Amino acid sequence: MVAISATDRVFVLTGAGVSAESGIPTFRGVNGLWRNYRIEEVASPDAWRHDPRLVWEFYSMRRRVAASATPNPAHLALASLEQKLGERLFLCTQNVDDLHDQAGSIRVVHMHGELFKSRCDTCSRAPFRDTNTYDPPAELPRCDCGGRIRPHICWFGEVPFELDRIFRALDECTVFIAAGTSGVVEPAASFVAHVGGRARTIYVGAEEPANASAFTECHLGKAGEVLPLLADSIQ
Ligand code: NAD
């Protein structure tokens, strides 16, 4: 495994696989969490327009699952990497759970939003912390402006958050690490191609991702076992 030097600028992209060992099912895994729902019926602007109750049922279920999860060694390793590298580590997650934050990572960029935040679908009120579950037949939450309160999630067809900051960090990094992500969901799947040829690119995950050929190194294994080794390799 290539060691990371203390002068490197490291960009880490995490995906659902990093939270799998904490008991949160991945998107493409066989676990029942997603199997009972058609993703376009619960995670898209169209779904929100047509059936906000079903959308809240789905996100309420995800909030319940995530509320009982705790960080695993992968989250802890990335928090300790931040302590060593400071602002030379840029941690970008596709995960909407708060396990990186719980593990002690301070500067986490949640490009797909945060499960425990909501916002108004009509006014510009800032996203706010919200751990409630809204299951039918309860009334769905409304903003003071009359708009509907929706999950603070980037749905399919919406633009991920903080892309300007993310691409600046990609342009500056010398090491790019992707962990536990299948390399299918865009634009994150193309980050490795964006830095390729200039930065060292490392994949960590249970199996080869769809974009495996774009990485200079692939370390197959559980994130909770491989990421601590990588974090410890800092000289
Ligand atoms: P994905 O489900 O498409 O892929 C998960 C990847 O993790 C797979 O390649 C799998 O081999 C790997 N994996 C499974 N267990 C692992 C382990 N213990 N260690 C390392 N790797 C492991 O996930 P994705 O690429 O992140 O894309 C799915 C989308 O769904 C994202 O947009 C994300 O926002 C969302 N999602 C988020 C969560 C969460 O917040 N925890 C959970 C499920 C899905």
Side-chain angles (χ1 to χ4, degrees), residues 12-44 47 55 58-78 91-103 105 108-117 131 151-163 166 177-192 202-215 217-231:
V12 178
L13 170 70
T14 61
V18 164
S19 293
E21 288 159 81
S22 294
I24 300 183
T26 63
F27 182 37
R28 288 177 177 76
V30 288
N31 205 306
L33 177 65
W34 299 80
R35 230 184 6 204
N36 299 333
Y37 295 89
R38 281 159 51 91
I39 195 67
E40 61 277 16
E41 285 174 2
V42 289
S44 71
V55 173
F58 176 66
Y59 284 97
S60 296
M61 177 270 293
R62 291 187 65 188
R63 280 183 178 181
R64 274 192 291 271
V65 171
S68 59
T70 52
N72 68 57
H75 300 105
L76 297 171
L78 293 172
L91 177 55
C92 173
T93 187
Q94 297 169 90
N95 295 343
V96 297
D97 63 55
D98 62 355
L99 296 181
H100 284 305
D101 313 75
Q102 276 193 48
S105 289
V108 189
V109 173
H110 285 273
M111 66 178 289
H112 290 165
E114 294 177 68
L115 192 53
F116 294 114
K117 284 189 179 173
T131 57
H152 182 50
I153 299 284
C154 170
W155 286 325
F156 289 96
E158 295 186 317
V159 179
F161 302 105
E162 307 211 53
L163 283 183
I166 290 171
I177 301 170
T181 172
S182 55
V184 172
V185 176
E186 294 290 358
S190 294
F191 289 174
V192 61
I202 301 168
Y203 182 76
V204 173
E207 62 200 346
E208 283 203 346
N211 55 357
S213 62
F215 288 89
E217 282 180 48
C218 259
H219 299 283
L220 297 189
K222 289 184 173 177
E225 290 167 9
V226 182
L227 283 178
L229 300 177
L230 209 62

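Atoms within each ligand, like the ligands themselves, are counted from 1 in listed order. All of these numbers come straight from a predicted model, not from anything done at the bench.
- Checking only distances, G180 does come within under 3.5 Å of ligand 1, N or O to N or O.
- Defined by atom type and a distance below 3.5 Å, a donor-acceptor pair is missing between the side-chain atoms of H75 and S105.
- By the side chain to side chain donor-acceptor pair (under 3.5 Å) test, E40 pairs with R38, sequence neighbours left out.
- Where the criterion is an N or O separation shorter than 3.5 Å, residue side chain and backbone included, V185 fails it with respect to ligand 1.
- Residue-level proximity to ligand 1 for I24 is carried by the side chain, the only part with a heavy atom below 4.0 angstrom.
- For ligand 1, the polar-atom distance check finds no N/O of G183 at less than 3.5 Å from any of the ligand's N/O atoms.
- Checked by distance only, ligand 1 and F27 come closer than 3.5 Å through their nitrogen or oxygen atoms.
- With a 4.0 Å heavy-atom cut-off, ligand 1 is reached by the backbone of A16 and by its side chain too.
- The shortest heavy-atom distance from V184 to ligand 1 is not under 4.0 Å.
- Considering both main-chain and side-chain atoms, S182 comes within under 3.5 Å of ligand 1 through a nitrogen or oxygen pair.
- Where the criterion is an N or O separation shorter than 3.5 Å, residue side chain and backbone included, V204 fails it with respect to ligand 1.
- In terms of the side-chain contact (heavy atoms from CB on, under 4.5 Å) criterion, residue partners of A66 (sequence neighbours excluded) are, by chain and number, I24, D97, L115, F116.
- For ligand 1, one of its N or O atoms has an N or O atom of V96 under 3.5 Å away.
- One option in Q94, E21, H100, E207 has a heavy atom closer to atom 18 (N) of ligand 1 than any other, and that option is E21.
- Proximity of P25 to ligand 1 is established by a heavy-atom distance of less than 4.0 Å.
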